[in-house]
Structure formats: C-alpha cells, structure tokens
Amino acid sequence: MKYKNGTNQAYILVVISLLFLFLKGSLSEFFHVPGFIIQTAEGAIFSLMAVLILLRSTFIVPGITFIVLYLAWSFISTLYNDLPFVDFFTYSRYLFYNFIFFNIVYVAEFSKPQVKKILKLIAGLFFLQIIASLIEIFIFNLRDEYRVGTMFFGAGGYGTVLPMVAISYGLGIFYFKNRSFRVYFLTLSFIIVGFASGKRAIFFFIPALLLVGQIVFMSISRSIKDIARSILFYSIIIIPLLLAFVFFLGQSKRFEELNTMDSIFDKFSYIYDVAEEYSFRENSRGQRFGRGSNNMHMISLLSNGEYDEFFLGGGPNSCTRKYNYEMQQKYGFGYGIPGWIDDILCIGVPGSLLVLLLFSYPLFRMFVTCRFNEMSPLLKSIYFGNLMFFFTFIVINFYYFNCFSVDSSFSVIYFFMMALLLSPHYRQILIEPIEPSNAKDCNDIQINT
C-alpha cells in the first residue's frame with residue numbers, strides 16, 4: 001500500500017535511526033550516557049516509526065505473519081513461566097524493530113536520490129568504524145574487545161559480526177559494480193575492526209565468507225569470462241592473504257607461539273589445535289565453555305528427549321543477568337552460547353525456528369521475486385550482499401553469538417536492503433542502464449552510489 005504524505009518524515013526517521021545505531025557506543029563511552037537512556041531513545045525512534053506507519057499506511061508487508069507468530073509465542077512463554085510483561089517487551093523488541101524498519105522503508109517509497117543518500121550514509125557509517133578502530137590501535141595503543149568502533153562499548157562479540165556484515169555487502173560491490181583491487185582491499189579493511197577488538201574468530205570466519213562468496217558468485221554469474229577473471233584474481237592474492245591472516249592471528253591472545261614457528265605447516269597445525277581446544281572447553285563441574293561443546297550439548301539434550309522443557313523455554317530474559325543465568329546453569333551451559341541455543345533456552349524450539357524464519361523468509365521472497373539477470377548492477381550487488389549476510393547470520397546464530405535476537409544494529413541493514421529488492425517501486429527506480437559503448441564486463445561498471 002502506497003505511503004500517504006509521510007515520505008519525508010519516514011526518511012528523517014530512517015536517517016536518525018541509522019546514525020543512532022552506528023554511534024551509540026560512543027554515546028556510552030565518551031559521553032557517559034546511561035544504557036537505559038540509550039535503550040529508551042532507541043525504542044522511541046522505532047515507536048515513532050510504528051506510529052507513522054499506523055497513521056500513513058499499513059503493516060501488511062512481506063513477513064507480517066512470522067513477526068506476529070514470534071511475538072505471540074514470546075508472549076505465551078512469558079505467561080507460562082509467570083514472568084512480568086516487561087521481560088516479553090525487552091526480549092522481543094529488537095526483532096520487532098527490524099520489522100518496523102523493513103516496513104517503513106518498504107511502504108514509504110523513497111525517491112531515487114533519497115535511497116542513494118541512505119546507501120551513502122550506510123557506507124560512510126561503516127567506514128567510520130575503521131577510522132575509529134585505527135585511532136584505537138595507533139593513538140590509544142589499545143586492542144580492547146569491549147570497544148567495537150563507534151557502535152558498541154561493553155560487547156566484544158560484535159567485533160566479529162561487524163566486519164562480516166560489511167564484507168558481505170562490499171563483496172557485492174566488488175563482483176557486480178567495480179571489480180578492482182582498490183574496492184576489494186577496501187572491503188577487506190574491515191578486518192581492522194575485528195583486529196582492534198581482539199577478535200580471533202575473524203581469521204576463521206572471514207576466509208570462509210570469501211570462499212562461499214566466490215562459490216555463490218560462480219553459481220549466479222553466467223559470464224564465463226567473469227568467473228575466469230575472479231578465479232585468476234584469487235589465485236594471485238590467496239597466498240598473501242593466508243600469510244597476512246597467519247601474521248595477524250599471531251598478534252592475538254592464545255596464538256602468540258605462531259611467531260616462534262618457521263614451518264607454515266606447523267603454524268596451521270598449531271592454529272587447528274588451539275581452535276579445537278578453545279571450542280570444546282569444559283570445567284570440572286561439567287559446564288561447557290566452548291561454542292562447539294555448547295552446540296553438541298544442546299543437540300544431545302534435544303536428541304535425548306529433553307524437548308518438553310524446551311517447548312516454551314524458561315521465558316524471555318531467563319538467560320540474562322537479571323535471572324542469574326538460570327537456564328544456562330540448569331543445563332550446563334557456560335560461556336559462548338550461540339543465538340539458536342539462547343533462543344531455545346528462553347522461548348523454546350518453536351521460538352528459535354521463528355527467528356530463523358524471520359530472516360530466511362525475505363530471502364525466499366527475494367529468490368521468487370527478483371530476476372537476477374534482469375537487475376541493474378546496483379541491485380545485483382545488493383542481492384549478492386543479502387546472500388552473504390544470510391550466510392553470516394547462519395554462522396553467527398548457529399555457532400558464535402546471539403546478537404541477532406538481542407540487537408538490531410546489523411539486522412536493519414539486511415532488512416533495508418531487502419526492502420529495496422522486494423518492493424516493485426525500488427526495483428523500478430534503481431534501474432541503472434549500462435553505457436552501450438564500452439561496458440563489456442564488471443570492470444567497466446562504475447559505482448554511482
């Protein structure tokens with residue numbers, strides 16, 4: 001349903017929300033704004049979006065069924081576990097924020113200049129994280145996992161997620177808008193954010209992301225020439241990349257001995273041994289402190305008939321400090337709980353599946369709605385970026401961290417990009433005809449955003 005007389009207001013709210021989400025860490029660290037004020041301000045922004053939608057348009061957009069089911073299930077879990085209503089709200093609000101953001105972009109039908117300005121803003125805010133990280137390393141001589149650019153203060157796991165999200169969309173630009181070394185290494189420069197935050201996982205996840213990205217590109221590109229060029233490109237840079245990853249990993253905690261080894265084979269063997277030990281740790285009381293051991297433990301619990309307890313979970317927020325991490329302690333989970341396990345412990349297996357559906361359904365609609373070979377280079381790059389973001393979501397949610405359920409900072413980027421692809425309005429206005437004279441391949445396509 002077309003928006004009515006509220007496009008400018010919606011545009012302003014979208015810009016404000018993006019600025020807030022990317023700068024809230026600095027508000028907390030440098031201006032000492034209390035967390036509850038930041039959360040209240042965030043809620044106020046998205047509440048204004050919801051009011052604007054109610055006044056000007058409709059909530060009936062792709063995915064409405066799944067957000068309603070998710071909210072209903074979270075509420076039922078809250079009632080069943082006799083928890084206060086505030087727990088339902090504080091737990092489920094972030095996925096609702098994602099839906100509100102997607103909704104307002106989808107129905108507002110921004111103009112082409114407005115969309116381009118938002119895309120530039122997103123790119124600028126992402127690169128701001130690199131600048132902030134360089135300042136942290138070279139001026140303050142810090143590598144602190146509790147600082148992640150200007151976005152987060154006190155939450156280290158985001159230092160792994162932010163580079164993966166940025167690289168996901170950067171690869172789309174590289175493959176479909178401007179295939180040059182400059183764009184590729186600007187994309188890889190987001191590793192600096194993870195390095196400044198002291199995150200070792202980036203040296204395992206990002207090579208996997210690059211590999212999957214190349215496989216996806218070869219599967220959706222119909223140009224043999226483009227595929228051959230990309231393979232040649234990686235064959236040139238693969239050895240320097242691996243050596244760089246090993247060097248920077250050697251500057252990280254637990255991997256210092258890498259610097260004393262000469263053989264590259266010894267280095268990789270050592271990396272594997274340390275990673276395996278770290279991923280499958282347990283203490284003397286049987287609590288799991290590794291992400292691999294936590295995943296295996298949950299699979300074991302479910303396969304051994306513990307499903308009754310995990311149908312509605314322990315209730316929203318039952319895995320937080322507020323309730324002394326009750327559910328983790330009850331079932332032997334310690335540090336390093338991935339998102340899907342956190343969701344099961346709080347709102348049960350159906351709740352965890354609904355979270356997966358909230359992220360996968362837009363992807364399904366993208367496959368059904370979009371004809372890839374008929375899209376402009378800009379939309380192709382967004383399409384590819386969404387595929388890579390979903391890969392990031394799967395890796396992070398099912399192995400690493402619960403950030404997609406407890407924060408909306410990265411998810412709103414995915415849902416904004418999805419709105420551009422799923423809305424017929426944006427697919428029509430974002431057509432960028434290729435110049436007929438010299439545009440023979442991706443090297444001839446320049447970035448216009």
To the nearest 0.5 Å, tell me how far [X] [atom1] sits from [Y] [atom2].
| X | Y | atom1 | atom2 | result |
| --- | --- | --- | --- | --- |
| Met388 | Tyr175 | CE | OH | 8.5 Å |
| Ser409 | Lys24 | OG | NZ | 3.0 Å |
| Phe66 | Leu356 | CZ | CG | 10.0 Å |
| Phe389 | Ser411 | CZ | OG | 5.0 Å |
| Phe404 | Asp407 | CZ | CG | 9.5 Å |
| Leu357 | Leu69 | CG | CG | 9.0 Å |

If we ignore hydrogens and angles and just use 3.5 Å, is the side chain of [X] paired with the main-chain N or O of [Y] as donor and acceptor?
| X | Y | answer |
| --- | --- | --- |
| Ser221 | Met218 | no |
| Gln129 | Leu125 | yes |
| Glu42 | Leu21 | no |
| Ser318 | Gly315 | yes |
| Ser189 | Leu186 | yes |
| Thr150 | Phe22 | yes |

If you take all heavy atoms of [X] and [Y], which pair is closest and at what distance?
| X | Y | result |
| --- | --- | --- |
| Thr160 | Ile202 | CA-CG2, 3.8 Å |
| Tyr426 | Ala419 | CD1-O, 3.5 Å |
| Thr78 | Pro84 | CG2-O, 3.6 Å |
| Leu430 | Lys112 | CD2-CG, 4.2 Å |
| Ser300 | Ser303 | O-OG, 3.0 Å |
| Pro316 | Leu83 | O-CD1, 3.4 Å |

- Classify the angle between the aromatic ring planes of Tyr94 and Tyr97 as parallel (below 30°), tilted (30 to 60°) or perpendicular (above 60°). perpendicular
- Task: Could you tell me how the ring of Phe110 sits relative to the ring of Tyr11: parallel (under 30°), tilted (30 to 60°) or perpendicular (over 60°)?
- Result: perpendicular
Compute whether any side-chain donor of one residue and acceptor of the other, for [X] and [Y], lie under 3.5 angstrom apart.
| X | Y | value |
| --- | --- | --- |
| Asp343 | Tyr91 | yes |
| Tyr361 | Arg365 | yes |
| Asn98 | Tyr414 | no |
| Asn317 | Thr90 | yes |
| Thr7 | Glu109 | no |

- Item | Chi angles and distances behind the side chain to side chain contact (heavy atoms under 4.5 Å, CB included) call for Asn81, Ser77 | CA-CA 6 Å; Asn81 289 284; Ser77 177; 3.5 Å; yes
Flag if over 12 foreign heavy atoms under 6.0 Å of [atom1], [X]:
| X | atom1 | result |
| --- | --- | --- |
| Phe364 | CZ | no |
| Tyr80 | OH | no |
| Phe20 | CZ | yes |

- Task: Using the ring pair (Phe, Tyr, Trp, His ring centres under 6.0 Å) rule, take Tyr383 and Phe372 through it: C-alpha gap first, then chi angles, then the decisive distance, then the call.
- Result: CA-CA 8 Å; Tyr383 183 103; Phe372 181 79; 5.0 Å; yes
Note, [X] side chain near [Y] side chain (heavy atom, < 4.5 Å):
| X | Y | answer |
| --- | --- | --- |
| Ile396 | Phe205 | yes |
| Asn373 | Ile220 | no |
| Trp340 | Met298 | yes |
| Pro350 | Phe311 | yes |
| Val105 | Phe101 | yes |
| Val412 | Val14 | no |
| Leu312 | Ile347 | no |
| Leu345 | Lys330 | no |

- Query: Between Tyr184 and Phe174, is a ring pair (Phe, Tyr, Trp, His ring centres under 6.0 Å) present by the stated rule, with each step listed?
  - Reply: CA-CA 6 Å; Tyr184 191 79; Phe174 169 73; 5.0 Å; yes
- With Phe384, which of Tyr169, Phe217, Phe176 fulfils ring-ring contact (aromatic ring centres under 6.0 Å, His included)? Phe176
- Task: Step through it carefully: locate the ring centre of Phe401, locate the ring centre of Tyr158, and say whether they are under 6.0 Å apart.
- Result: yes
- When you look at Ser28 and Val33, which way does the side chain to side chain contact (heavy atoms under 4.5 Å, CB included) test go after all the steps? CA-CA 5 Å; Ser28 175; Val33 179; 5.7 Å; no
- Task: Please step through ring pair (Phe, Tyr, Trp, His ring centres under 6.0 Å) for the pair Phe310 and Tyr331, ending with a clear verdict.
- Result: CA-CA 11 Å; Phe310 297 136; Tyr331 289 100; 4.8 Å; yes
- Task: List the steps, then state whether side-chain hydrogen bond (donor to acceptor under 3.5 Å, both in side chains) holds for Ser279 with Tyr399.
- Result: CA-CA 10 Å; Ser279 297; Tyr399 185 78; 3.1 Å; yes
- Query: Is NZ or CZ of Arg291 both nearer than 6.0 Å to the six-membered ring centre of Tyr400 and within 45° of the ring axis?
  - Reply: yes
- Task: Test Met417 against Leu119 for side chain to side chain contact (heavy atoms under 4.5 Å, CB included), laying out the working first.
- Result: CA-CA 9 Å; Met417 300 300 184; Leu119 289 172; 3.7 Å; yes
- Message: Assess the residue pair Leu18 and Ile413 against the criterion (side chain to side chain contact (heavy atoms under 4.5 Å, CB included)); give the C-alpha distance rounded to whole Å, side-chain angles, the decisive distance to 0.1 Å, and a yes or no.
- Response: CA-CA 9 Å; Leu18 289 170; Ile413 304 301; 4.0 Å; yes
